[in-house]
Amino acid sequence: MLHYFRLDRPPPLLGLLCLLPTFARAQITVYKQIPLGQTATAIAAGAAQTTLPAYDATVLIPPAIPIPPPATAYTLPVQRDAAAVQGLSIPHVGGGFFGFSVEMSVINQVLGKNSSLLQVPFLNLMANIQERAGSVLVRLGGNTQEYAVMVDTLPDGHTIAKQRATIQQTTETPAVEYTVDLFYMASNISSFVNVNWFIGIPFNDSTNWRLAIAENAQTIIGDNLLGMQAGNEPDYYASHGIRAVTYGPYDYFGEFSNLITTISQNSLIPRKNILIGPSLASGDWMPEQVWDTGFIPAFKDSLYALTILLANPTVIYSLRYICSYPNNNCFAVFGVGAPQDPQENFKDYLTHAAGVNMVRMYLNSTAIAQAAGKPFIMFETNSATCGGFPGLSDSFGAALWALDYGLQMAYSNFSNALLHVGGQNVYYNPFTAPLTNQSTFNQWTIGAVYYSALVMAEAFSTTNTSRTMDLWGNAANLYTPSYAIYENDVLSKVALFNYVDDRTGASDINVAITIPGSTVPASVKVKYLESESVSFKNITWAGQTFGGPYEVDGRLRGDLSIVTVACDQAANTCNVPVAAPGFALVFMQDITGISSVGQASLTFSTTVRTSGGTATVDPVVLATSNGHSGKDRALVGSTSKGSIPDSACRVAASRNGRGLILVAVLWAAAAGAIM
Ligand SMILES: *[C@@H]1O[C@H](CO)[C@@H](O)[C@H](O)[C@H]1NC(C)=O
Ligand SMILES: *[C@@H]1O[C@H](CO)[C@@H](O)[C@H](O)[C@H]1NC(C)=O
Ligand SMILES: *[C@@H]1O[C@H](CO)[C@@H](O)[C@H](O)[C@H]1NC(C)=O
Ligand SMILES: *[C@@H]1O[C@H](CO)[C@@H](O)[C@H](O)[C@H]1NC(C)=O
Ligand SMILES: *[C@@H]1O[C@H](CO)[C@@H](O)[C@H](O)[C@H]1NC(C)=O
Ligand SMILES: *[C@@H]1O[C@H](CO)[C@@H](O)[C@H](O)[C@H]1NC(C)=O
Ligand SMILES: *[C@@H]1O[C@H](CO)[C@@H](O)[C@H](O)[C@H]1NC(C)=O
Ligand SMILES: *[C@@H]1O[C@H](CO)[C@@H](O)[C@H](O)[C@H]1NC(C)=O
C-alpha cells in the first residue's frame, strides 16, 4: 500500500547498477555575523518567505476523507494496571522522548555565537521541554563532525566555523573548525536549562584520532555530557569515498576497537564508557550485520547507547534505493532521484501505518539492545530527507505524524529520538533562527514537529516510569490511532489521534474510554493539539502557541486551555471528542499536576537592545535559574546569518542496456544540515 515503506531489496542487478550518490560537502554557509551594535540591512519578510524553505508558505490540499471513513464513535477499553497489559514497552527514562540533533554547521545559528552570546529563544524552547520532562537531549554533530578540527581561535569571537572549500572540491568534506569555547557554550547552556549533550568524535582518520573534542567535552561539560558518538553513518563511508569501497561492518568493528584502545590510554578522557554506535543510516548495511560482528558483546562496557539514524525516514528509500524507491525531496533540492510531489505524498504521512512501518525493521535491534541493557536511540530523524517537503514538513499533519511516530518508537522500545535541526534551507526544522539581516524585525520561527516534542515530553513526564502501549483502537483503523501510557504501573494517560481532515465536523470522533474491571475517574483532563486543517501551520497545544513565522521567542503565549471531561462512572466511560483533524492527551490521573503545565516557569525574555538585533536574558531569571547566579555577567543572545540554499548539483545520466541510471554528485549546502 505504502510502496515507499516497503523493505524489499531492489533486484540485485538493479541494486548494483543503482549507484549511490557520491556526496561531497562544500562550504556554502557564511558564518560571519553582522557585528553587534551595527545596523543590519533590512529585507522584506515576504521576500525571505518566498526564498527560503524554512519560511516556505506552501499550503497543501488536505487529503480526501478516506473511504471507508473511520467510525466516528468507538469504545476504547484500557486496562488500569500495567500488569494486565501484554507487550507494554520498557519504561522511558530521563528527558523528553524527542531531543534535537543539531548539525555542527548550524550551531552558531541555533545555540549562539559563543559562550557569552547565547540564543535566548533556544533557551526558552529547551526550558519548555525541561519543564515537562526534566531535561532535554541535544546532539551536536552530523556528517560535519567527521572532519572537525579544534583550533585555538576563530575570527570575530566565533566558536565554530567551516573551513573554506571551493565547490570544485567534490571529494573532500570541508572541516568544521571549533574552539574550546564550543564546550563552554554547551556548559553555559546547561547552567540555565537542563540540557544533556551528545558530541561526535571525528572518525575520518582512524590512525591519527583527533580526540580534542572528547577531552574538552568531558572536562568542560562534565556530567552533562551523556555520550560520544563514534562514527556517523559508517554504512555510507564507502559510497561517500571516506573509506575504501570494500569497507564493511568488520572494518567498522576494527576501528571502533582501535578507538577504545586509544581512549583507554588517554588520561584526559576520564569517562571511557560513554561511546555511541553504530549510528547506521541503513545505507548499505542492516543493523543485524553489525550485531553479527559481535559488536555488542565486544564493546558493551564502553557503550552508552546503541544508535541508528533514519537521517529522515525516507533516506532508506531515497539513498539506498534511490532509483527504485525514490521518496524524498532530493530532486527538488539537488536534482537527484525522481521528482516528488509533496501533495501526493501528504496522505502517506497521515496514517498510523507511517510510523508502524518505519519502526518495524528495528524491532529486532531494540530487542537486542534491551537484552544488552543499552538504550536504543534514533539519533537523527525528521519527515523527509533532502530537507523535507514544502507544505508538508511544517504542517499540522507533520506534527501529528511525528507524534504518532514518536509514540510508536517508544512503544517499540526505542529510548529516545533526536529531531534534526538544519538551517534556513530545510522545511522540517523544529525551530529556525532568523537571518542576521532580518533580526531587527524578525525573530524565530517554530516548526510543527517542535509541538510534537513538547507533547511527547508532557506525555512521558518526569517519573522515569512511563511505559507505552499501542492500543489499535477503533477496529485498528489507521486514521484514528490510540496509545496508553502507564506510569508507576498504573494507567496515566491516553493519547488519541484523528488524522481525518474534515472541517464540516462530520468526521470528528468520540472515544468512549472504559477501564475493564475498574472504574473511570469522575472526570479527566484533556489537552488538545489543534489546527483547523492538517495543511495549516498555525498549531496550538492546550490553546497556546509559539506564534507565527518570525514571531517566536520560544515562549508559549495565549491562555492555557485544559478541557475537563466529566465521566459516567456508572457506565464506566469517559467520552472524549477528537476533532478531524486533531490529537488529544487524556490525563487519567493528575497526581503530579503535570496537566496544568503551560509556558515554563523558567523564561528568558528577549528584548531588542540594538539595531543589530541582540537579545538579553532577564536579569531576574539569570539570578535564579538553576541556582546559577549570572548577575555578574550579561548574557546576550545573538542572531546569526543562516545557511543559504546555495547548493549545486550535477546529475549525469548515462545509459546502459538496462535503462537510465542516475549518477549523482551532490554538493550539499551546509553538509549534513540538509540531510
Ligand atoms: C540577507 O541575507 C540573505 C542570506 O544571506 C541574502 O540572500 C540577502 O540578500 C540578504 N539581504 C540583504 C538586503 O542584505
Ligand atoms: C530520571 O532519570 C534521570 C536520568 O537518569 C535522572 O537524572 C532523574 O533524577 C530521574 N528522575 C527520577 C524522578 O527518578
Ligand atoms: C581527517 O580530517 C582532518 C581534519 O579535517 C584532516 O586534516 C585529515 O587529513 C583527514 N584525514 C583523513 C585520513 O582523511
Ligand atoms: C563572543 O563574541 C563577542 C562579539 O563578537 C565578543 O565580544 C566576545 O568576546 C565573545 N566571547 C567569547 C567568550 O569569545
Ligand atoms: C561560561 O563560559 C565562560 C567562557 O566564556 C566560562 O568562563 C564560564 O565558566 C562558563 N560558565 C559556565 C557555567 O560554564
Ligand atoms: C535478529 O538479529 C540477530 C543478530 O543479527 C539475528 O541473529 C537474528 O536472526 C535476528 N532475528 C530476526 C527475527 O530478524
Ligand atoms: C518492548 O519490550 C517489552 C519488554 O521486553 C516487550 O514485552 C515488548 O514486546 C517490546 N515491544 C516491542 C514492540 O517489541
Ligand atoms: C490558521 O492558518 C490558516 C491558513 O493560513 C488561516 O486560514 C486560519 O485563519 C488560521 N487560523 C487561526 C486560528 O489563526
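Whatever order the structure lists ligands and atoms in, that order sets their numbers, starting from 1.
Close approach of ligand 7 to Leu88 (heavy-atom distance below 4.0 Å) involves ligand atoms 3 (C). The atoms of ligand 3 that sit less than 4.0 Å from any heavy atom of Asp205 are 11 (N), 13 (C). The contact set between ligand 8 and Asn538, taken as ligand atoms under 4.0 Å from a residue heavy atom, comprises 1 (C), 2 (O), 3 (C), 8 (C), 10 (C), 11 (N), 12 (C), 14 (O). The ligand atoms of ligand 7 that sit less than 4.0 angstrom from a heavy atom of Tyr411 are 11 (N), 13 (C).
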- Task: Check the pair Thr261, Asn258 against side-chain hydrogen bond (donor to acceptor under 3.5 Å, both in side chains), reporting the backbone distance first and the verdict last.
- Result: CA-CA 5 Å; Thr261 305; Asn258 178 307; over 6 Å; no
- Give the intermediate values and the outcome of side-chain hydrogen bond (donor to acceptor under 3.5 Å, both in side chains) for residues Asn498 and Asp508. CA-CA 8 Å; Asn498 188 352; Asp508 292 358; 5.2 Å; no
- Walk me through it: do Glu233 and Asp235 pass the test side chain to side chain contact (heavy atoms under 4.5 Å, CB included)? CA-CA 5 Å; Glu233 307 181 351; Asp235 48 338; 4.0 Å; yes
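Ranking protein heavy atoms by distance to atom 13 (C) of ligand 8, first place goes to Glu532 OE2, 3.5 Å. Scanning all protein heavy atoms for the shortest distance to atom 9 (O) of ligand 7 gives Gly87 CA, 4.2 Å. For atom 1 (C) of ligand 7, the nearest non-hydrogen atom of the protein is Asn413 ND2, 1.4 Å.
Using the six-membered ring where Trp is involved, Tyr550 and Tyr55 have ring planes that are parallel, under 30° apart on the 30 and 60° scheme. A tilted orientation is assigned to the rings of His92 and Phe460, their planes being inclined by 30° to 60°. Ring planes of Trp472 and His352: perpendicular class, angle over 60° (limits at 30 and 60°).
Heavy atoms of Gln370 found under 4.0 angstrom from ligand 7 belong exclusively to the side chain. By the criterion of a heavy-atom distance under 4.0 Å, neither the backbone nor the side chain of Thr366 is placed next to ligand 7.
Taking only non-hydrogen atoms, the option from Asn204, Val149, Thr207 nearest to atom 8 (C) of ligand 3 is Asn204.
Just one of Thr480, Asp501, Asp502 meets the side chain to side chain donor-acceptor pair (under 3.5 Å) condition when paired with Ser507; it is Asp502.
Every N/O-N/O distance between Ser412 and ligand 7 stays at or above 3.5 Å.
At least one heavy atom of Arg210 sits closer than 4.0 Å to an atom of ligand 3.
Ionic pairing of Glu487 and Lys493 is present here: one or more N-O contacts between side-chain nitrogen and carboxylate oxygen are shorter than 4.0 angstrom.
By the definition of a contact as any protein heavy atom under 4.0 Å away, atom 5 (O) of ligand 8 is not in contact.
Judged by distance alone, the side chains of Gln145 and Gln229 do bring a donor and an acceptor atom under 3.5 Å apart.
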